[in-house]
There are 2 protein chains.
Amino acid sequence: MTSTRDALIDAAADLLTTGGPAAVTLREVGRRAGVSHNAPYKHFADKEELLAAVAARDLDRRAAATRRAARYRPPAEALRAMLHGYARHAARDPELFRLTYGSWHDGSADLGAAATAARAAFVDVVVAAQADGSLPPGDPERLAALMLALVHGATDLALSGHLARRGKGHADPADLVDDLLGHLGAR
Amino acid sequence: MTSTRDALIDAAADLLTTGGPAAVTLREVGRRAGVSHNAPYKHFADKEELLAAVAARDLDRRAAATRRAARYRPPAEALRAMLHGYARHAARDPELFRLTYGSWHDGSADLGAAATAARAAFVDVVVAAQADGSLPPGDPERLAALMLALVHGATDLALSGHLARRGKGHADPADLVDDLLGHLGAR
DNA sequence: ACCTGAACACCGTTCAAGT
DNA sequence: ACCTGAACACCGTTCAAGT
């Protein structure tokens with residue numbers, strides 16, 4: 001049993017993934033959800049709030065995937081898996097990635113909570129990696145921010161074509177993650 | 001003497017900076033440039049191409065500012081100044097930053113050339129910093145990519161509110177740049 | 001409480017025409 | 001070569017009304 005609200009979020013996410021932001025029209029969202037073109041206004045204040053709900057759902061799923069990547073693995077390995085997973089997810093659905101980490105939707109408390117939860121899952125593994133000596137000491141939140149910023153930036157630059165594409169300078173986001181972990185002394 | 005084309009680019013950049021992407025309408029761009037609402041089509045194939053021209057101009061200016069930041073300074077200091085300048089520029093004009101590094105405008109060869117030039121200016125300083133021992137050896141383009149990805153990611157996450165805002169985990173993009181340089185052993 | 005259909009203002013783009 | 005004004009299709013949003 002999916003509520004109309006969930007059907008609207010599904011439809012919006014599908015349209016975004018398939019056709020980019022321009023394809024997400026409330027008219028088409030309504031049509032796919034089997035309701036009229038302005039039924040969305042009974043569930044969301046406006047289009048931006050609908051998109052914020054799509055982003056919040058993506059963040060929730062990422063946080064879950066991040067925690068899964070950490071299970072049954074030594075911290076250093078879990079760390080690498082989480083960061084690689086971040087880049088892989090973005091490469092698989094660039095439009096959704098851009099929405100989720102795009103311009104901030106102030107209206108949504110859900111989004112803020114989901115973002116905090118996703119970050120917390122990552123910080124936990126950083127703490128564990130520091131405890132077993134595979135990451136240097138220091139404020140774990142700040143070290144986590146360093147790694148998240150790196151993987152986010154590498155991913156975003158790769159998507160927009162601002163990373164050298166070929167030749168000796170070529171590097172995937174995953175390569176840059178490995179470079180950073182190497183410089184940090186993670187084993 | 002500014003051509004109509006330059007006036008259109010100016011108007012579009014102004015509107016973007018002031019009111020975000022939604023404020024950039026061809027009608028208002030034309031009005032500010034003193035022409036009709038579809039005169040832009042005589043200079044650009046469509047709206048996207050106009051925005052690509054705005055982005056290319058921004059990249060050119062950044063490349064120039066990056067080279068300026070490197071003059072009369074030891075490499076390690078120049079490096080830090082360039083990276084801090086990157087973050088500062090983005091904080092000063094977030095909308096322009098998002099446009100320039102946002103979804104790729106395939107149509108524009110100018111944009112690709114401008115992006116390559118901006119990157120090259122940075123790589124030169126990395127090479128100099130490696131030569132005087134303030135950066136570790138290795139492929140300079142790849143090391144440059146690591147630093148650019150970090151400052152880009154930190155900046156983008158800060159703009160979208162995905163970086164911890166307060167408390168012990170708080171870190172500016174500039175702080176994360178310094179952290180990375182510290183881990184790389186830059187003096 | 002949730003939904004519909006008509007309507008409004010606005011936008012990107014096209015086209016025929018002007019100089 | 002560059003520009004204008006009218007027109008078209010489309011979109012987000014509002015509103016009065018229905019169950």
Side-chain angles (χ1 to χ4, degrees), chain A residues 1-57 95-96 98-99 102-108 110-111, chain B residues 1-57 95-96 98-99 102-108 110-111:
Chain A
M1 175 212 76
T2 58
S3 65
T4 298
R5 187 189 146 93
D6 288 334
L8 292 169
I9 297 178
D10 276 343
D14 258 28
L15 286 166
L16 180 68
T17 296
T18 307
V24 186
T25 68
L26 289 183
R27 283 166 158 84
E28 183 62 15
V29 166
R31 205 187 60 74
R32 293 204 177 196
V35 293
S36 78
H37 73 280
N38 54 23
Y41 287 94
K42 310 304 161 183
H43 300 270
F44 305 95
D46 52 21
K47 185 180 178 177
E48 195 187 352
E49 201 176 277
L50 168 60
L51 292 176
V54 173
R57 198 183 63 173
E95 299 293 355
L96 186 56
R98 285 228 137 96
L99 171 71
S103 51
W104 190 245
H105 319 269
D106 293 292
S108 172
D110 284 355
L111 231 185
Chain B
M1 175 211 77
T2 57
S3 65
T4 298
R5 187 189 146 93
D6 288 335
L8 292 169
I9 297 177
D10 277 343
D14 259 27
L15 286 167
L16 180 69
T17 297
T18 309
V24 186
T25 67
L26 290 183
R27 282 166 159 84
E28 183 63 15
V29 166
R31 206 188 60 73
R32 293 205 178 195
V35 292
S36 78
H37 73 280
N38 54 23
Y41 285 95
K42 310 305 161 183
H43 300 271
F44 305 95
D46 53 20
K47 184 179 178 177
E48 194 187 352
E49 201 177 276
L50 169 59
L51 292 177
V54 173
R57 198 182 64 173
E95 299 292 355
L96 186 55
R98 286 227 136 95
L99 171 71
S103 50
W104 190 246
H105 319 269
D106 292 292
S108 173
D110 285 355
L111 231 185

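Lettering follows sequence order; numbering is per chain, from 1.
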So, A:Lys47 side chain and A:Val24 main chain: donor-acceptor pair closer than 3.5 Å or not?
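Such a contact is found between A:Lys47 side chain and A:Val24 backbone.
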Answer yes or no: is there a donor N or O on one side and an acceptor on the other, between the side chain of A:Asn38 and the main chain of A:Tyr41, under 3.5 Å?
no
In terms of side-chain geometry, is the basic nitrogen of B:Arg57 or B:Asp10 positioned less than 4.0 Å from the acidic oxygen of its partner?
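Counted as a salt bridge, because a side-chain N and a carboxylate O are separated by less than 4.0 Å.
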Basic-acidic side-chain contact under 4.0 Å: B:Glu95, B:Arg98
no
Quickly work out the B:Tyr41 OH to C:dT14 C1' distance and round it to whole Å.
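After rounding, the gap between these two atoms is 9 Å.
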Nucleotide D:dC10, atom P - distance to NZ of B:Lys47 in whole Å:
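Rounding to the nearest Å, NZ of B:Lys47 and P of D:dC10 are 18 Å apart.
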With sequence neighbours left out, write down each residue that passes salt bridge (Lys or Arg N to Asp or Glu O under 4.0 Å) with B:Arg27, or none if nothing qualifies.
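Salt bridge (Lys or Arg N to Asp or Glu O under 4.0 Å) check on B:Arg27 returns nothing, list empty.
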Both atom distances under 3.5 Å, Watson-Crick or G-U wobble: I'd like the secondary structure of DNA chain C as a dot-bracket string, with | for pairs made across strands.
||.|||||...|||||.||
Where along residues 22-32 of chain B does a heavy atom come under 4.0 Å from DNA chain D, residue by residue in number order?
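Result for residues 22-32 of chain B: B:Arg27, sorted by number.
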Show each protein N/O and nucleotides 2-4 of chain C N/O combination with a separation under 3.5 Å, one pair to a line.
| residue | atom | partner | partner atom | Å |
| --- | --- | --- | --- | --- |
| C:dC3 | OP1 | A:Thr4 | OG1 | 2.9 |
| C:dC3 | OP2 | A:His43 | NE2 | 2.5 |
| C:dC3 | N4 | A:Lys42 | NZ | 3.2 |
| C:dT4 | OP1 | A:Ser36 | N | 3.4 |
| C:dT4 | OP2 | A:Ser36 | N | 2.4 |
| C:dT4 | OP2 | A:Ser36 | OG | 2.8 |

With sequence neighbours excluded, residues passing side chain to side chain donor-acceptor pair (under 3.5 Å) with B:Asp14:
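Testing B:Asp14 for side chain to side chain donor-acceptor pair (under 3.5 Å), a comparison that skips the adjacent residues, returns none.
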Which residues pass the side chain to side chain donor-acceptor pair (under 3.5 Å) test with B:Thr17, sequence neighbours left out?
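B:Thr17 satisfies side chain to side chain donor-acceptor pair (under 3.5 Å) with B:Asp93 once adjacent residues are dropped.
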Note, [X] side chain near [Y] side chain (heavy atom, < 4.5 Å):
X       : Y       : answer
A:Leu99 : A:Pro21 : no
B:Leu50 : B:Leu26 : yes
B:Thr25 : B:Leu15 : no

